[in-house]
Amino acid sequence: MTAHTPSTPADGATPTPHALRTQYESGATVDELVADSGLSYGTVLNRLHDAGTEMRTSWQTRRMREDPKARKRLAARLRALYEKHGATLTELAAVAGETRTVARRLLIEAGGTVRTTRQTVRLRSAARATERQKLALSLRTRYEGGATVPELAEECNFSTATVYRLLHQVNTPMRPQHRHGPADQVRKRP
């Protein structure tokens with residue numbers, strides 16, 4: 001970020017419109033000029049207009065002050081998150097510490113193409129299905145290694161029904177259910 005340096009004259013004289021314009025065009029904001037000169041906001045604006053200054057928006061000032069290389073790196077990172085990991089514009093804005101509009105602009109600057117909501121939902125759904133399949137295969141491996149369904153459910157913080165459903169999803173051959181009482185006792189009917 002380019003640092004703005006005050007150029008208030010040492011003798012306390014008020015800066016000329018041309019001096020204000022020079023500072024403004026080098027990246028200073030109107031608020032910074034007000035603070036440096038001791039003039040009111042309206043007076044600074046009037047002097048800038050008198051000097052023929054072309055005014056900027058706040059986002060143009062931020063862009064002017066940014067390091068172009070850092071902006072490119074951020075844009076590339078956002079594009080990777082967007083395209084490879086299915087992030088939304090809201091998530092990109094949170095990562096960048098900016099608004100959705102700025103995140104969208106950075107994505108486009110990096111050569112990315114903005115998806116529709118429907119495309120994002122499909123992409124995320126496919127990613128969740130892949131993750132669920134991996135989880136089911138790891139549960140199958142542990143089940144076939146001797147773990148019980150209740151143990152797997154407790155380890156994964158799932159219900160036993162969910163573990164059974166995941167095991168059936170990957171065609172796990174199930175072990176026969178065991179009785180939990182002594183084998184030699186015969187159950188009597190009353």
Side-chain angles (χ1 to χ4, degrees), residues 1-7 20-36 41 44-45 48-49 51-142 152-153 155-159 161-172:
M1 183 148 72
T2 311
H4 137 81
T5 56
S7 65
L20 289 172
R21 177 181 177 170
T22 303
Q23 282 184 274
Y24 183 79
E25 289 177 347
S26 68
T29 64
V30 174
D31 288 329
E32 291 167 345
L33 294 176
V34 167
D36 291 345
Y41 192 88
V44 170
L45 278 180
L48 288 171
H49 288 295
T53 309
E54 187 176 328
M55 302 304 287
R56 304 182 297 267
T57 62
S58 59
W59 71 266
Q60 287 172 322
T61 299
R62 281 194 306 273
R63 179 177 279 175
M64 180 183 202
R65 290 179 167 196
E66 282 181 347
D67 175 18
K69 290 180 183 177
R71 184 178 176 88
K72 265 188 167 178
R73 283 192 304 272
L74 176 61
R77 180 173 171 227
L78 294 181
R79 181 178 179 189
L81 287 172
Y82 191 75
E83 292 177 350
K84 294 178 184 172
H85 302 289
T88 63
L89 288 176
T90 303
E91 293 166 343
L92 294 182
V95 167
E98 296 285 350
T99 63
R100 283 173 44 99
T101 305
V102 173
R104 184 179 194 279
R105 191 177 302 127
L106 286 167
L107 176 65
I108 292 168
E109 283 177 21
T113 305
V114 180
R115 296 184 302 262
T116 64
T117 304
R118 177 180 244 164
Q119 290 170 325
T120 300
V121 168
R122 283 184 191 155
L123 182 68
R124 290 188 145 198
S125 175
R128 280 193 302 271
T130 302
E131 289 173 19
R132 196 165 174 88
Q133 183 71 12
K134 286 179 185 176
L135 173 63
L137 289 170
S138 76
L139 288 174
R140 177 180 178 166
T141 302
R142 289 177 15 217
L152 293 173
E155 285 176 28
C156 297
N157 201 22
F158 289 143
S159 68
T162 300
V163 172
Y164 274 116
R165 191 172 31 259
L166 289 168
L167 290 172
H168 287 294
Q169 179 181 335
V170 289
N171 301 320
T172 306

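Given the structure is predicted, the values throughout are model-derived calculations rather than measurements.
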Quiz prompt | Steps toward side chain to side chain contact (heavy atoms under 4.5 Å, CB included) verdict (H49, M55) | solution = CA-CA 8 Å; H49 288 295; M55 302 304 287; 3.9 Å; yes
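Here CG of L137 is found 5.0 Å from CD of Q133. Values are rounded to the nearest 0.5 Å. The CD atom of E83 sits 11.0 Å away from atom CG of L78, with the distance rounded to the nearest 0.5 Å. In this structure, OH on Y41 lies 10.0 Å from CG on L33, to the nearest 0.5 angstrom. Atom OG1 of residue T101 and atom CG of residue L106 lie 11.0 Å apart, to the nearest 0.5 angstrom. R142 contributes atom CZ, which lies 10.0 Å from atom CG of L167 (distance to the nearest 0.5 angstrom). To the nearest 0.5 Å, the span separating NZ on K84 from CG on L81 amounts to 9.5 Å.
Residue R124 qualifies as enclosed at atom CZ: its count of foreign heavy atoms under 6.0 Å is above 12.
When side chains are defined from C-beta on, L89 counts as touching L107, because their heavy atoms get closer than 4.5 Å. Contact check for R79 versus E109: no side-chain heavy atoms found under the 4.5 Å cut-off.
Within the cation-pi definition used here (under 6.0 Å to the ring centroid, within 45° of the axis), R56 qualifies as a partner of Y24.
Every residue was checked against the salt bridge (charged side-chain N to carboxylate O under 4.0 Å, His left out) condition with R104, not counting sequence neighbours, and none meets it.
Nearest approach of A93 to A103, heavy atoms of both residues: N-CB, 3.7 Å. Closest of all the heavy-atom pairs between A110 and A76 is CB-N, 4.1 Å. The two atoms that bring V163 and A153 nearest to each other are CG2-CA, 3.6 Å, heavy atoms only.
R140 places a side-chain N or O within donor-acceptor distance of the main-chain N or O of V170, the cut-off being under 3.5 Å.
Between Y82 and the choices V95, T88, L92, the side chain to side chain contact (heavy atoms under 4.5 Å, CB included) rule is met once, by L92.
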